[in-house]
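First the structure, in the form of structure tokens, and then the observations on it.
Only heavy atoms go into these numbers, but all of them, side chains included; no hydrogens, no water, no symmetry mates. Quantities reported herein were computed from a predicted structural model and do not represent experimental measurements. We count residues from 1, following the sequence as given.
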Amino acid sequence: MPTSEPARDAAVVRPVNARLAALAQSPEFAPFTVWLDLTPGFVDAQDRQDPQLFVDGLHPSEAGYRVWRDRLVAALKAARESGRR
């Protein structure tokens with residue numbers, strides 16, 4: 001998830017997430033792995049962390065956990081409907 005530090009997001013978080021996404025989609029892991037990108041649900045229009053969704057710039061607030069839950073439930077539903085388990 002994005003942090004409250006844009007420089008850290010650019011230098012660490014986004015590159016690590018890109019590598020994890022690629023790994024999850026690789027032939028070795030794709031048969032049993034689904035990548036769920038939570039970032040879009042946690043950033044504002046300027047692509048920065050939405051502070052209303054975090055208590056301290058790192059840990060989600062109650063509202064942040066609701067966003068996480070909703071994205072996870074939707075992803076699980078889509079996986080079930082597509083036959084992936």
Side-chain angles (χ1 to χ4, degrees):
M1 285 193 264
T3 71
S4 60
E5 301 175 42
R8 179 173 288 191
D9 280 342
V12 178
V13 176
R14 291 182 189 262
V16 167
N17 283 343
R19 291 181 70 187
L20 289 170
L23 185 63
Q25 296 165 9
S26 71
E28 182 179 1
F29 293 100
F32 58 88
T33 306
V34 175
W35 174 254
L36 174 59
D37 186 4
L38 294 174
T39 300
F42 288 92
V43 295
D44 61 18
Q46 289 76 40
D47 207 31
R48 288 179 288 195
Q49 183 192 70
D50 183 343
Q52 296 177 358
L53 300 176
F54 293 84
V55 291
D56 59 2
L58 180 61
H59 298 93
S61 64
E62 185 176 338
Y65 278 111
R66 280 194 299 272
V67 169
W68 191 345
R69 176 203 60 205
D70 293 346
R71 293 182 66 84
L72 180 58
V73 167
L76 290 171
K77 182 180 178 190
R80 272 191 229 109
E81 290 173 353
S82 73
R84 290 194 71 164
R85 294 186 181 257

Looking only at heavy atoms, the pair that brings P15 and D9 closest together is CD-O, 3.8 Å
Residue pair T3 / F54, side-chain heavy-atom distance below 4.5 Å: no
Quick one: side chains of residues 65-75, donor-acceptor pairs under 3.5 Å with protein atoms, not counting sequence neighbours, listed by atom name and distance.
{"unit_1": "R66", "atom_1": "NH1", "unit_2": "E62", "atom_2": "OE2", "d": "3.2"}
{"unit_1": "R71", "atom_1": "NH2", "unit_2": "D37", "atom_2": "O", "d": "2.8"}

Can you find a heavy atom in the side chain of R14 that is under 4.5 Å from one in the side chain of D47? yes
Separation between CD of E81 and CG of L76, rounded to the nearest 0.5 Å: 11.0 Å
Find out if a path of hydrophobic residues (ILVMFWY) with successive side-chain heavy-atom gaps under 4.5 Å connects W35 to V16. yes
Could you tell me which non-hydrogen atom of P6 sits nearest to which non-hydrogen atom of R48, and how far apart they are? CG-CD, 4.5 Å
Would you compute the distance between atom CZ of R8 and atom CG of L58 and round it to the nearest 0.5 angstrom? 8.5 Å
Closer than 3.5 angstrom, by distance alone: can the side chain of S4 be matched with the main-chain N or O of P51 as a donor-acceptor pair? no
Treating T33 as the side-chain partner and A30 as the backbone partner, does any N or O pair qualify as donor plus acceptor under 3.5 Å? no
Which pair of non-hydrogen atoms, one from P31 and one from S26, has the smallest distance, and what is that distance? CD-O, 4.5 Å
Would one find more than 12 heavy atoms of other residues, nucleotides or ligands at under 6.0 Å from atom CD of Q52? no
So how far is it from N17 CG to M1 CE, rounded to the nearest 0.5 Å? 10.0 Å
Transitively linked via ILVMFWY side-chain contacts under 4.5 Å: L36 with L53? yes
